[in-house]
There are 2 protein chains.
Amino acid sequence: MTHQDRGAADGTPRLLRSGALQLETGGRLPEVSLAFRTWGRLNPDGSNAVLVLHALTGDAQVADGPEGAHGWWRGLVGPGRVIDTERYFVLAPAALGGCSGTTGPASAAPDGQAWGSRFPFITLRDMAALEARLLDLLGLASWHTVIGGSMGGARALEWAATQPERVRHCVVIASCAASTAEQIAWAQAQTAAIRLDPAFRGGDYYRHDDAPRVGLGIARRLAHLSYRAEPELESRFGRAPQGAETPLGSPDRQRRGRYAVESYLDHQAEKLVGRFDANAYLSLTEALMSHDVGRGRGGVDAALGQLDAVEFFVAAVDSDRLYLPGQSEALAAALPGKPGVEYIHSSMGHDGFLTQAEQLEPQLRARVFG
Amino acid sequence: MTHQDRGAADGTPRLLRSGALQLETGGRLPEVSLAFRTWGRLNPDGSNAVLVLHALTGDAQVADGPEGAHGWWRGLVGPGRVIDTERYFVLAPAALGGCSGTTGPASAAPDGQAWGSRFPFITLRDMAALEARLLDLLGLASWHTVIGGSMGGARALEWAATQPERVRHCVVIASCAASTAEQIAWAQAQTAAIRLDPAFRGGDYYRHDDAPRVGLGIARRLAHLSYRAEPELESRFGRAPQGAETPLGSPDRQRRGRYAVESYLDHQAEKLVGRFDANAYLSLTEALMSHDVGRGRGGVDAALGQLDAVEFFVAAVDSDRLYLPGQSEALAAALPGKPGVEYIHSSMGHDGFLTQAEQLEPQLRARVFG
C-alpha cells in the first residue's frame, strides 16, 4: 500500500497476500489472503487509523462504496459521520474463515481444491493475528481505534487483549467478554441444521450443483430471530397470512399456506443464502462460540484487568436478547477504570447496533473521536 | 365407561373408539381413537369431573400411575394435591394428532398403512370436539374445570370458547389467546428442520428403518431453549466443556468437542426423539401455530367477551420468554370480569408451569378447587 493508494478510491476492494498463518488451536494455513477496504487518508504521523470489524455475516463494506454501494455502518462511518472519513483513515477487513474475500473454507487449498471440510478451526484471535499484518504493512505502531459490534465487538476486544500496546481506543458494542451457554446453545442448533442438509455432504459440496441452502436458511432464521425482538415482529406481522395464502391449512396439510412472518423469515433466509457460504457460516459461528477473552489468561477478570493502556468504550442495545445488556455491564465492570455502558435505545433488539448506532454519536465524539 | 370403572386403577390407560371426526379445516378422520387416563371417582351428581389437557409433547400421565410412573403435573394432581384425586374425578386425554395413543399421523389409515403425509391438518378445536365425547360418554352436562398449561392452556381456552355451557371453570396457565408472530416463527424453524432431514421422506418414513431423528432433535433443541431462561443455562453450564471433550477444536475442526450446554441439549433432543414421532410433532406444532381463539368469532375480544358463564383463572410464569406474561395479562383483560393474572415466580422460564405449578395452589384452592 503506497501513500498515494491510501487516499484514493474510498471503498475500493483490496487484497493483501500474506503468506502462512499459524493458528491458535495448532492448525496452519500455508497461504492467507486478507481482503479489506479503506476510506480516507492516513495522516503524516499515522495517528488516525481506525480498524472497523464486522459481525458474523458482515463484510468490509462498512461505509458507502465507490459504485454506490451502501455501507452496513454508514450511520457511523463516512464523511461528516462520527468516524469521519475526512479526518480518519478507516480500514475494514473481511474476517478470516468467512466468504468475503479473505481466506475461508471456499478458498483454494494448496491442492487447488476448495478447503471445504479440511478448513481448520479458526478463533477470533487468529483473525486479530492476521489483521495485525495491516498495521505492519502501514508501518504503524498502533490503531487509533479498533471498533466493532456483535462478533465485531468480540473481535475488537480480542484485539485489545492480544496486542494492547497496538490499540489506543477499543469500542465494543452489543457484545461480551465470553460467549455464554445460551449463545453457544443457539449457535449449536444453527450448525446442526446446516450439517443436516443432505447437500452439505460433510462440507465438501463445492464441486456439486447444489449447496446446503435449506440448512443455511434455517440457521439464518434462528439467527435473525435472535437479532430482533418480539414486539417488533408482533406489530409488523401478528397472525396475518402471507397474501392470499391460507396458513390454517387445507385438508391436505402438506400444502399449508404461510403466515406473513414465515414469509418474512423465508425472505431473510433466501437473502443470506444468496450471499453466504455455508462452511463459512459454520467456521465463523464456531469461532464465535469459542470467544472467551479470558482463555489462557487466567480468566476474564485477569485478562481485562491488565488492559490499563487501552481506553475502552462499551455500549449495548437496551432490547438486545442475544447479547444481553447485563453482559455489557459485566464487561465494563471488569475493565480498568470501569468505563460504564452507553445505550442504544431501540425496540429492534440486537440489530439496533447496526440500524441505530448513530445514537452513540455524541458519546463516541466526546470519548473517542473528539 | 361404567361406574365401577371410574374409581378403579387410577392412571390405567384407556381407549375410547369414537368413530368419525369432521375437522375444522374440512378434512375428516373416518375412525378416531381417544386415549386417556383417569384418577379418582365421579361423584353421584357428576359435579367433580376435571379435564386436564397436556402441552405439546405431554401425554395422559398427568398424575402418578399404577406402575410407579410419575405424573408430569404431580405437583398439582394427586391425593392431597390441589386437584385432589380423593375429591375430584380427573380425566387426561392424549391430544389428537399426537403419538400417545390417540389417533395421529403414525396411526393406521383405513388402508392399513400409517397416515404419514396423508394425516389431515388438525386444530385445537378439533381436539376439543373429540374430547367432548368423553363428557357424552360420562353422561355429564359439564366439566367442573378444564385446565392446562402451555398448549394445554390454549386447548383449555378453546374448550371454553367452543362449548362454554360445558365448562364451569377454565384454568389457563402460561398460554395466550392466539399464537403470536414470534411463536409462529420459532415453530416454523422447528418444522423446517424436521422436513429437511432426509429420513423424513416427505412424512412417509414409517416403513423405513430410519426416522428423522436429527431433524426432530434440532426442533427439540430450539423448543427446549424457548422453554427455559438464560440465567439458568449460564449458572448450570457457562462455558464448561463436556467432560474431557475439547470444544475449542483441534486443528481438525470436524472433530470439535462439545461444550457442556451442547451435551445437555443433545441429551434433551435424544430423550424427545426416543419417545416422540416426528409427524406428530409437526401436526401438534402446526395446530398450535393455528391457535387463535378469535378465529371465525369476530376476533379475540369478541370471542372472549361473551364467555360470562365460565369462571376463568389465568396464570403466567414471570420469567417465561415463550408465552410472555404480557400475553396472559392481555388474555385476562379481555375476559369477562377481568380476572387478573396469578404468577409462578421462577428462574426457569416457561417450564416453570410444569416444575413449579404448586405455587398456584393457594389461589387455585381459593378460586377453583375450594
Side-chain angles (χ1 to χ4, degrees), chain A residues 23-28 117-123 178-182 184-186 188-189 192-193 196-198 202-203 214-215 217-218 221-222 225 230 233-234 236-240 247-254 256 258-262 264-265 282-283 286 289-290 292 295 321 324, chain B residues 23-28 117-123 178-182 184-186 188-189 192-193 196-198 202-203 214-215 217-218 221-222 225 230 233-234 236-240 247-254 256 258-262 264-265 282-283 286 289-290 292 295 321 324:
Chain A
L23 302 170
E24 183 189 358
T25 63
R28 182 175 177 274
S117 65
R118 302 171 297 168
F119 193 75
F121 189 93
I122 297 290
T123 70
S179 293
T180 62
E182 163 125 323
I184 290 168
W186 288 121
Q188 184 208 24
L196 173 60
D197 192 322
V214 179
I218 292 173
R221 279 180 175 78
L222 302 180
L225 285 170
E230 194 272 344
L233 290 176
E234 194 56 21
R236 285 177 68 180
F237 304 107
R239 296 186 47 78
L248 186 57
S250 64
D252 177 357
R253 85 175 215 280
Q254 305 308 313
R256 183 177 71 78
R258 296 172 300 170
Y259 297 94
V261 70
E262 293 182 277
Y264 166 72
L265 288 165
L282 288 176
S283 176
E286 296 192 330
M289 291 164 87
S290 83
D292 178 0
R295 180 175 62 247
R321 60 180 173 175
L324 305 176
Chain B
L23 302 171
E24 182 189 358
T25 64
R28 182 176 178 274
S117 65
R118 303 171 297 169
F119 194 75
F121 190 93
I122 296 290
T123 70
S179 294
T180 62
E182 163 127 324
I184 291 168
W186 288 121
Q188 184 209 24
L196 173 60
D197 193 321
V214 178
I218 292 174
R221 279 180 177 77
L222 303 179
L225 285 170
E230 194 272 345
L233 290 176
E234 193 57 19
R236 285 179 67 182
F237 303 108
R239 297 185 48 76
L248 187 57
S250 64
D252 177 358
R253 83 175 216 281
Q254 305 308 313
R256 183 177 71 76
R258 298 172 300 171
Y259 296 94
V261 70
E262 294 182 276
Y264 167 72
L265 289 165
L282 288 175
S283 177
E286 297 193 330
M289 291 164 87
S290 83
D292 178 0
R295 180 173 64 247
R321 58 180 174 176
L324 305 176

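What you see below is based on every heavy atom in this structure, not just the backbone, and it leaves out hydrogens, waters and symmetry mates. Proteins get letters first, then strands, A, B, ... in listed order; numbering begins at 1 in each.
Taking all atoms of both residues into account, the shortest heavy-atom contact from B/A189 to A/I218 is O-CG2, 4.3 Å. Listed here is the closest heavy atom pair of A/P247 and B/F121: O-CZ, 4.1 Å. Across every non-hydrogen atom of A/E234 and B/E182, the tightest pair is OE1-N, 4.4 Å.
No donor-acceptor pair closer than 3.5 Å links the side chain of B/Y259 to the backbone N or O of A/Q188. The main-chain N or O of B/A185 is never found under 3.5 Å from a side-chain atom of A/R221 such that the two would form a donor-acceptor pair.
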(request) Give the C-alpha distance, both sets of side-chain angles, the deciding distance and a yes or no for side chain to side chain contact (heavy atoms under 4.5 Å, CB included) between B/R321 and A/R321. (result) CA-CA 10 Å; B/R321 58 180 174 176; A/R321 60 180 173 175; over 6 Å; no
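Between chain A and the options B/A178, B/A240, B/A193, B/P198, heavy-atom pairs under 4.5 Å are most frequent for B/P198. Annotation: maximal heavy-atom pairing with chain B below 4.5 Å, among A/L233, A/D292, A/L265, A/I184, occurs at A/I184. Comparing B/E24, B/R236, B/R258, B/E262 by how many heavy-atom pairs each has under 4.5 Å with chain A, the most go to B/E262. Each of A/V214, A/T180, A/L196 has some count of heavy-atom pairs under 4.5 Å with chain B, and the biggest count is that of A/L196. The choice from B/S179, B/G215, B/A192 that makes the most heavy-atom pairs within less than 4.5 Å of chain A is B/S179.
Interatomic distance, B/L248 CG to A/M289 CE, rounded to the nearest 0.5 Å: 11.5 Å. Taken to the nearest 0.5 Å, the CG atom of B/L282 stands 9.5 Å off from the CZ atom of A/R256.
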